[in-house]
Student: 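Once you've had a glance at the structure underneath, I'll fire off some questions.
As a basis for the values below, the full set of heavy atoms in this structure was taken, side chains included, without hydrogen atoms, waters or symmetry mates.
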Amino acid sequence: MPFDHFGLIAPLFSRAEYFSLETMLAQADLPTPGRVLDAGGGTGRVSNAIREHAGEVVIADPSLGMLRQADRTQLGLACSNSELLPFPNDSFERIIMVDAFHHVIDHSQTAREMYRVLKPGGRIVIEEPDIRKFGVKLIAVAEKLLLMRSHFLAPQKIVELFAFDSAITGIFASEGNAWVVIDKPE
């Protein structure tokens, strides 16, 4: 089993605030009375910020150390890699992934899995540091040196991973982050 970098730093993440809430609410078209999946949601930093804007919020994350920091009383938790989500088809109205897509092992499989568990008419929002920015390139190098297996993709490359089943996509960039939005047709 690989070293759990995230379990080690989980206490720091659990104290961090999510500062892009208004942008997330707009990009994810929240509120929704339905279910939201926070894929790679770790300690629930983003889930806690959006939970009053959804019927239910579920975190799926492979790090037990991160999940141990999450609020089990308010959030659903699943210890899972994003490449093999433990949910039936069409389970969620919204799926978000914040600052985690560059950490997955198989980007293509993650895209397929997220799309599989998204309900028709639903939306996926992937917020990533924008690798086109110099500062993010430095972060990418640092994460490689820390053996974090990070592999950052440009926003257009993320969009291309969802080029199936007539997915409608868009890109929004702001303050060093890129937001990739995928809508699943009804």
Student: For residues S82 and T110, report the shortest heavy-atom separation together with the two atoms involved.
Tutor: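 Shortest heavy-atom separation between S82 and T110 comes out as OG-OG1, 2.9 Å.
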Student: Return the set of residues passing side chain to side chain donor-acceptor pair (under 3.5 Å) with E113 (not counting sequence neighbours), or none when no residue passes.
Tutor: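 So E113 forms a side chain to side chain donor-acceptor pair (under 3.5 Å) with R116.
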Student: Test M114 against every option in L161, I126, I182 by the side-chain contact (heavy atoms from CB on, under 4.5 Å) rule and name the one that passes.
Tutor: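 Exactly one option meets the side-chain contact (heavy atoms from CB on, under 4.5 Å) with M114, and it is I126.
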Student: Looking at S80, S47, C79, which one forms a side-chain contact (heavy atoms from CB on, under 4.5 Å) with I59?
Tutor: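 Exactly one option meets the side-chain contact (heavy atoms from CB on, under 4.5 Å) with I59, and it is S47.
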Student: Could you measure the distance from the CG atom of D38 to the CZ atom of F92? Nearest 0.5 Å is fine.
Tutor: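 Reported to 0.5 Å precision, the distance equals 10.5 Å.
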Student: Kindly indicate whether the side chain of R35, heavy atoms from C-beta on, has any atom under 4.5 Å from the side chain of E93.
Tutor: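 They are in side-chain contact.
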Student: Sequence neighbours excluded, which residues qualify as side chain to side chain contact (heavy atoms under 4.5 Å, CB included) partners of A178?
Tutor: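 Expected list: D130, P155.
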Student: According to salt bridge (Lys or Arg N to Asp or Glu O under 4.0 Å), does anything in residues 75-92 pair up with another residue at least two apart or in another chain? List the pairs.
Tutor: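 Salt bridge (Lys or Arg N to Asp or Glu O under 4.0 Å) check on residues 75-92 returns D90-K184.
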Student: Decide yes or no for D183 and D29: does some side-chain heavy atom of the first lie under 4.5 Å from some side-chain heavy atom of the second?
Tutor: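 They are not in contact (no side-chain heavy atoms under 4.5 Å apart), so the answer is no.
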Student: Can you name the salt bridge (Lys or Arg N to Asp or Glu O under 4.0 Å) partners of E128, sequence neighbours left out?
Tutor: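 With sequence neighbours excluded, E128 shows a salt bridge (Lys or Arg N to Asp or Glu O under 4.0 Å) to no residue whatsoever.
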Student: Does F101 offer a backbone N or O that forms a donor-acceptor pair with the side chain of H107 under 3.5 Å?
Tutor: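 At least one qualifying donor-acceptor pair exists.
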Student: Can you list everything that forms a side chain to side chain contact (heavy atoms under 4.5 Å, CB included) with A54? Sequence neighbours excluded, please.
Tutor: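 Once residues adjacent in sequence are excluded, the partners of A54 under the side chain to side chain contact (heavy atoms under 4.5 Å, CB included) criterion are T32, V36, V57.
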Student: Grouping I, L, V, M, F, W and Y whenever their side-chain heavy atoms are under 4.5 Å apart, do V104 and F152 come out in a common cluster?
Tutor: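 Per the 4.5 Å side-chain linkage, V104 and F152 are not co-clustered.
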Student: Which ILVMFWY residues can you reach from I105 by hopping between side chains whose heavy atoms are under 4.5 Å apart?
Tutor: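 Traced through the cluster, I105 reaches no other member.
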